[in-house]
Structures are given as structure tokens and as C-alpha cells.
Amino acid sequence: MGPDLIDYEGLIIEIDKELESVIPDFLESRHKDCLLIDDLLMHNNMDEISRLGHRLKGTGGSYGFDVISDIGRILEVAVAEEDPEAVDFARQALKLYLEQIRIVYV
């Protein structure tokens, strides 16, 4: 299943109000990660992609974004399996997720 088949439309994420001041910067950094993954793929820098995946896996859930953690896992596995198409899938999934989510602070 490609990322174009994942329906993120109207995806509402509830985030603790205490994190409201840091979430915009966190999400902006994830947008930059999409561009970084493109660049790293172009230069075949799988080690750095794996490190980025590890970081996403650790921080996503910490901020309330479990899907970002899942995408980090996909990146790590894709690198371990030497699968650049899976890396690109994860990048596309992250981009779509970031475009579709709506944050509600509770």
C-alpha cells in the first residue's frame, strides 16, 4: 500500500496543552526531515537516514505523534533491508501525515 492510499484527511491529534509552545517547531523540523531524507537518498547516505529514523521513532511518541514514531521504525527497517523504495515510502507517508493532521490542545 503506497502513501497515496493512506487516508489522513481530517486526522485530529490531541496534544497536551503544556506542549503547545513546542509543537509548531517540532512539526516544522519534521517538514525539514522530509527534504533531508530526499537529499540523503540522493547521496545514498543510508547511515544518516537510519539515525534520523531512530530519532523520529524516539521523539514522535514523546510529543503525542505515534505515527511519526511508526515512520521512524519504517525508516530504520528500510535501511537495514537496503530498500530505498521503502525509505521513499516513509518520506512520502511523513509528508502526507504532516499535511493532513490537525492539532487540538487538551
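Along the sequence shown, residues carry numbers from 1. Computed over heavy atoms, backbone and side chain alike; hydrogens, waters and symmetry mates excluded.
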Reported [atom1]-to-[atom2] distance for the pair [X] and [Y], which is rounded to 0.5 angstrom:
X: H31; Y: L94; atom1: NE2; atom2: CG; answer: 8.0 Å
X: L75; Y: L52; atom1: CG; atom2: CG; answer: 6.0 Å
X: N44; Y: E82; atom1: CG; atom2: CD; answer: 9.5 Å
X: I37; Y: E48; atom1: CD1; atom2: CD; answer: 11.0 Å
X: C34; Y: D39; atom1: SG; atom2: CG; answer: 13.0 Å
X: I49; Y: L56; atom1: CD1; atom2: CG; answer: 11.5 Å

Counting C-beta onward and ignoring hydrogens, is there a side-chain heavy-atom pair between [X] and [Y] closer than 4.5 Å?
X: D47; Y: N45; value: yes
X: I15; Y: F65; value: yes
X: Y97; Y: I68; value: yes
X: Q92; Y: K95; value: no

According to side chain to side chain contact (heavy atoms under 4.5 Å, CB included), who are the partners of L35, at least two apart in sequence or on a separate chain? none
Quick one: side chain to side chain contact (heavy atoms under 4.5 Å, CB included) partners of A80, sequence neighbours excluded? none
Side chain of S50, backbone of M46: donor and acceptor closer than 3.5 Å? no
With clusters defined by side-chain heavy atoms of hydrophobic residues (ILVMFWY) lying less than 4.5 Å apart, directly or transitively, does L40 cluster with V77? no
Tell me whether I12 is reachable from V106 by hopping between hydrophobic residues (I, L, V, M, F, W, Y) whose side-chain heavy atoms are closer than 4.5 Å. yes
Taking all non-hydrogen atoms of both residues, which atom of [X] and which atom of [Y] are closest, and how far apart?
X: A90; Y: I71; result: O-CG2, 3.6 Å
X: G64; Y: I13; result: O-CG2, 3.6 Å
X: P84; Y: L41; result: CB-CD2, 4.0 Å
X: G61; Y: S69; result: N-OG, 2.7 Å
X: L98; Y: I101; result: O-CG1, 3.8 Å

Assign the ring pair Y63 / F26 to parallel, tilted or perpendicular, where the plane angle (0 to 90°) is split at 30° and 60°. parallel
Between E76 and R73, is there a side-chain N and carboxylate O pair less than 4.0 Å apart? no
